[in-house]
Every structure is written in structure tokens, then in C-alpha cells.
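Taking it in order: structure first as C-alpha cells, then the write-up.
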Protein chains: 4
Amino acid sequence: MDPDERRQAILVAARRVFAAQGYHRTGIADIVGEVGIARGTFYRYFESKRSVFQEILEEMMTEVVSVVQPIDVLAPIPPQVLANLDRLVRAITAEDVCRVLFGEALGIDGEADEALRAFYGGALARIEAALRTGQALGVVRPGGVGLQARCLLGMLKEPVVQATLDRQELDTEQLVAEILQLLRHGILEPG
Amino acid sequence: MDPDERRQAILVAARRVFAAQGYHRTGIADIVGEVGIARGTFYRYFESKRSVFQEILEEMMTEVVSVVQPIDVLAPIPPQVLANLDRLVRAITAEDVCRVLFGEALGIDGEADEALRAFYGGALARIEAALRTGQALGVVRPGGVGLQARCLLGMLKEPVVQATLDRQELDTEQLVAEILQLLRHGILEPG
Amino acid sequence: MDPDERRQAILVAARRVFAAQGYHRTGIADIVGEVGIARGTFYRYFESKRSVFQEILEEMMTEVVSVVQPIDVLAPIPPQVLANLDRLVRAITAEDVCRVLFGEALGIDGEADEALRAFYGGALARIEAALRTGQALGVVRPGGVGLQARCLLGMLKEPVVQATLDRQELDTEQLVAEILQLLRHGILEPG
Amino acid sequence: MDPDERRQAILVAARRVFAAQGYHRTGIADIVGEVGIARGTFYRYFESKRSVFQEILEEMMTEVVSVVQPIDVLAPIPPQVLANLDRLVRAITAEDVCRVLFGEALGIDGEADEALRAFYGGALARIEAALRTGQALGVVRPGGVGLQARCLLGMLKEPVVQATLDRQELDTEQLVAEILQLLRHGILEPG
DNA sequence: CATGAATGAGCTTTCATTCAT
DNA sequence: TATGAATGAAAGCTCATTCAT
């Protein structure tokens, strides 16, 4: 079997078990059992349990980040934002992404925390930049973009996390609609 | 030393260590070292490592839940909501609460997961009820309260989580102000 | 409470629990719980768990040994032997004696083994002496008294041990009758 | 090293240590030290300390039971019985069998007790059956076979147990001869 | 390169004993 | 003297990692 394929197979299997059982409840035995290789073979492709996890983590981060397309300011903006939101929700709704990235990753160790920090840092920076651009264009209310971005991130993440926790299906379109509504008008009636 | 005090001391120490190192990287040795007692003493007060954690978890949940006061519909509502928001943010901003409740608790085992589910379930139910009341009173826009509640929860939680991750101070008042602003008007300018 | 009484109470309770649960499955907690005293009090009366057990062991040995009356060679011998046998069987049939002395004592440690060795040594020596006397009087067949004595001990002990193992009542008189029959005629028909 | 061999090696070593020190004073460390393997290796071959012991126990029971050959009623019976007795004594004279099976096994836990009960039950049932057959053939005196069997078992077991306790050699042939003598004529002179 | 048996540090938990009150 | 909370050595067991085949 081709080394790259095998490596990939391990990655896929590990991702599946990590998502299903969590990092700590997953043993190397579970992973190699899932791929159908021997324990030793695993260590020819990865340095440690920790390191496969790191790779999966980064893979997931990349997947999530990659769906966000830069806004073309010359084209109509709302549909672009909407499409980005939609892709983003779909990306993090993937069950394993949500469970691993949002549920398991934090607290493994300093390195994972750092990776997460970087991930969120990047994401927030992009949202903040977008908001600042929006403010410059007069389509976003003025205000501290830091908190705005974090709130926005929360609106996006939390419904997905909750759906995963409750093992319920999430209607992506409805969520995006709700978020947009919130962004446009808030929740409270004027007055 | 008074048994209740000692029990409390262990609880406090364990909470500190769990918050600092996470559940899995914390050994009984760390806890008893922190309190300054012998290993055996720990087991006079708690059945297991798992059970102290559960107790801390529930303690934290209670702390968080307890700060939310029921709304008196005969008194002016906005300041009451605002006060609740403010207390809530302060409660979850406590560093250990955030780290343990939002970071570590998920994935320990089925029981902890279940406790979390119940916690979030209760919180969401309360938010949903409040939203429904608001809708009946005409102060909240109509819409699916389920998603609204989850988004609201996210706006609240995420900035706190991010601040903890980045080890940055969070300006509670500013956050509450931002959330209110968001609830009232959204982020986007009309048109 | 009178110290001697208390000491006795502990001894009695310990004997009960040791018999019920065995040495290793019995904790100091069980003993003090049974007497209704505090853990520390136990250690004012006995040096260790081990030492109460030793004392109980020796108590039981003494009980068993004491029922055997020396044979008065001037009086008719058979009824004296029979009475001794009868008392002996009754003594070791006491449930706790059988369980502790024959079941638990062996293998605790060198000291207990030594005590048992001494006990059996004394018992066997007495049986051997009796057999030798019998041989001299022409009422016991000649032969190596060592093995004879051990076989005799076995005939006595084993039915009792088995009855205890099976939690069945043992008919003492019937056993004594059977042993006598065996001693007199064996089991096999002549020829 | 061949897995079966290694498993066997552990079994042998454990048997040695259990016989030498008893179940409770034996730690996994003693066993693995004796075999020259690491702690973890032990657990690749056995589930627990308890389970090796159980296996050894059953092994010993099988060893003992297996030496008894069914009597061929068409051939001369006495030599067959004698041969069985002889093999039986040799089997239980093995130092470790005697110490573990007769000394340590009782009182470990319910499962071991049950195994012992079954072992003795089976042995007694066979002896009783033999006695009944003997009675039918007129070579065994009539009487309750239950007690007869238990006494017989005791005659066999006790001399062996005592020899082990005293760390003395036992002359198997002499013991068998003595038992036969006892079975044939008893100990007492007629009259 | 693949294997999987072997490794051993490290974990949680128990319980006989001590000792301040 | 009685107490029972505190002690801590030691136990059984797990599992990520190594390495001879």
C-alpha cells in the first residue's frame, strides 16, 4: 500500500474515532483497529497519539478556514457574506469537526491550546477586518469590532455546538437566516 | 479542622487544579498537594477523582444558574434583563468556571456529558421562555426562539471563552453593552 | 466499661467477623463496627489486626485441646475414648472454629503457621501417645503410630470441614459412630 | 518466545510464588520478577492476579482428579483401588498442590470457594459411588457412604497436609499401606 | 516496511495504623 | 481513656511507546 495513502487512511480513521470517543477515551488500539494495521505501523507514520491529533486538528482548522472566500468589494457584498456564512456553518456542522475542534481540543495540552488560540485569533482577525471594512463602507454600525467579532463567532458556533450535544439535526439555512436577521435588526423591537 | 471546612478546602483546591491543568492532567497527588493533606484523606471526603469533579461541575452550574433572577413583569423590564446579563457574564467570566465548565467538562464521560446537556438545556429553556414572553409583550421580534436562544447564548459565552483562551481581561460592562446593542439593532446599518 | 470486659467484647466480635468473612476480607472497620467502639480504641486493647487474630487462634486451639480428657487406665477405656471423640467433634464443629482454625489460619504468615504447626503437633503427639498406650495394652494393632494418628485426625476433621464448606448440619453422634466403626473394623469386608 | 510457552512460564512461576507465599502476600511484582518479564506483559496473558490464581487452582484440581482411573469391575479390584490411591497421594503430595489447594484457596472469594466446593463435591461423589458399588459387590461394609467417603478423604488428605506443614517428606507407599490396613481392619484389635 | 509482544512509568484507590484532641 | 480524622505505603492495573523479528 502506498505510504501516503496509508498515512491518509490512518488520519481518516483516527479522525473518526477521536470524533466518536474523544481524545482521552481513544487508545492507539482503537485507531489501528479501525485502519486494520498493527500498532507499530502507526508509529511509522506518526510520532505519537498526540501528533495525529494535532494534525487532525490542523486539518480541521484548515477545512474551516478554507471555506471563507475573500469578499470582492466591487461585487454586491451581502450575497458574498451570506455565502460565506453558509459555507462556514456547513463546515463546522460536520459532526466530527464540531466534536473535535470545539469539544475535545481544548485542554489537551499547551500546544493544542496554542493551535486553537491561533485558529480563533485568525478567524477573529478576519471577522474584525470585515467589520472594519463594513464600517468604512457605512454598512456596519460603528463600535468595537473586537467584541462584535466575538459575539458573531458565538452566534455561529453555539447553535452548532448545541445541536451536536443534543444529537439533533441543525437546519443550516434557517440558522444563517436567523443570524442575518440578528445582524440586521437584533432581536428586540424598537422602542 | 472542621470536616465541612476541610471538604470545602479540598473542593476549592481541586477546582483550582482542575482549572489550571484540566481533568486528565490532574492527579490526586496534585489535589492533595495543593490542600496539604495526605492521599488517604482525600478519599475520606470524596469517593473518587471523578466525583470531586462532578461536584465542582455541579457547583459551577449552580453558581451560574443562580445569578439569573426571574423577571418581574410589573417592573420595568430592560434594567432587569440588563442586570441578569451583567451577573451572568460576571459568573462565567470567573476564570475557573470558564475553563472547567466550557473547556474541560465535555468528553470526560457519559455522566459529565449528560450533566452538561442538562445544564445547557435548562439555560436554553429559560432564555427561550424569556424570549417567548418578550414576543407576547411585543418587545421581542417574532421568530423561532430555539435558534434565537442559542445565538444569544453564543454571544454571551464566546467572548468570555475567547478572553480566557487569550488570557485577556474582559470588560464585562462593555460586553453587556455590546450584546444589548446587538439585540436592539443588530450590527448592520439599515438599508 | 471494664477494660477486661471490653477486651473480651472485641475478641468476641472479631471472632465473629473473622469467621464470617475470613481474615483478609475483614477490616478493622468491621471489627470496631461490630463492637461499637472507635478505631483507635481497638488499638488500645490490641497491637494489630494480626494480633487479635493470633489471640483468637490460640483461644480456639485451647478450646479444642481442653475438651480432651486424659484417659484413666484403671477405668473402662472405650467409653472414655468415645467421650473424648464426641467432645472433640463438637468442639471443632463450632462453625467459627472450623472456619477460622481450619480454613483461614493457614497462610496468613509464618507466625500463624507456626502456631498451627504447634497445635497439630501437640494434638498428634497426644493421639500417638494414646495409640502407643493402646498398643501396649494390646487394644490397638501394632504399626507406625505417626501415620495412624494423622489418618485419625483426618477422619475427624474432614467431615467437619466438608459440612462447613457445604453449609450443612453435621450429625455429631453419627460421625462418632462411623469413626468408631472404622477404627474397629475398617470399611472393607474381610476376605 | 512462543506465546503459549510464555503463558505457561507465567503460570508456572505464579504457581511457585503462590505456593511459597500464599495468595495475599504475593504481588504481581513477585510473579513478574520470577518470570523475568515486565508488569505489563503479565496482563497480556492474564486478566488479573485473581484470574491466574483461578487458573492455577483449576489446573491443580484437574491434575488431582485426572489421576483417578475408573475401576474395571471385570478385573481384580484391589490392585486397581490401590493404584488409584497411590496416584492420588502422589498427586496431592506435590508441595504446591497441597499448599495452594488445601491451604490458600479457601477464603479468597466466593468464586474460589465455589470452585473448591465443586471439586470436593465431585471427589466425594466418586468415592461414594465406589463405596456403593463395593457394598453391592459385598466387599464394603454397609453404612452411610456420605460419612465414609468424608472420613476416607480425610485419611488421605490429612497426612499429606501435615507433612507439608512440617516440611517433612512423606512416604507415599507407607501411607497407602496404612490406609489400606485401616480400611481393611481398622485400628483397634477385635474385642 | 510491517508486526505485535514487550515494556514500565504512572495512575487511582485501599486500609492498617497513628495521634492530636 | 476514647475518639475518629489523618496518614502514606503499597497494591493492582493501564496504555502510549519501543523494538526484535
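Naming: A, B, ... by sequence-line order, numbering from 1 per chain. These numbers come from the heavy atoms of this one structure, side chains and all, not from hydrogens, waters or symmetry mates.
- Residue pairs meeting the salt bridge (Lys or Arg N to Asp or Glu O under 4.0 Å) criterion with at least one partner in residues 110-122 of chain A, sequence neighbours excluded, are A:Arg50-A:Glu111, A:Glu114-A:Arg117.
- Nucleotide E:dT21 holds its C1' atom 14 Å from the CG atom of B:Asp2, rounded to whole Å.
- Note on ring orientation: taking the six-membered ring where Trp is involved, the planes of D:Phe102 and D:Tyr120 are parallel (angle under 30°, cut-offs 30° and 60°).
- Nucleotide E:dT18: paired with F:dA5 (Watson-Crick or G-U wobble, both distances less than 3.5 Å).
- Here the side chain of A:Lys49 pairs a donor or acceptor atom with the backbone of A:Thr26 at under 3.5 angstrom.
- Note on ring orientation: taking the six-membered ring where Trp is involved, the planes of C:His24 and D:His24 are parallel (angle under 30°, cut-offs 30° and 60°).
- Smallest separation of non-hydrogen atoms from C:Ile56 and C:Leu11: CD1-O, 3.8 Å.
- In this structure, C:Tyr23 and C:Phe18 have parallel ring planes: the angle between them is below the 30° cut-off, well short of the 60° mark.
- Residues D:Met61 and D:Leu101 are in side-chain contact: their nearest non-hydrogen atoms beyond the backbone lie under 4.5 Å apart.
- Listed by residue number, D:Arg39, D:Gly40, D:Tyr43, D:Ser48, D:Lys49 are the residues of residues 39-55 of chain D with a heavy-atom contact under 4.0 Å to DNA chain F.
- For the contact set between residues 5-32 of chain A and DNA chain F, defined by any heavy atom under 4.0 Å, the members are A:Thr26, A:Gly27, A:Ile28.
- Between the side chain of B:Arg6 and the main chain of B:Met1, no donor-acceptor pair closer than 3.5 Å is present.
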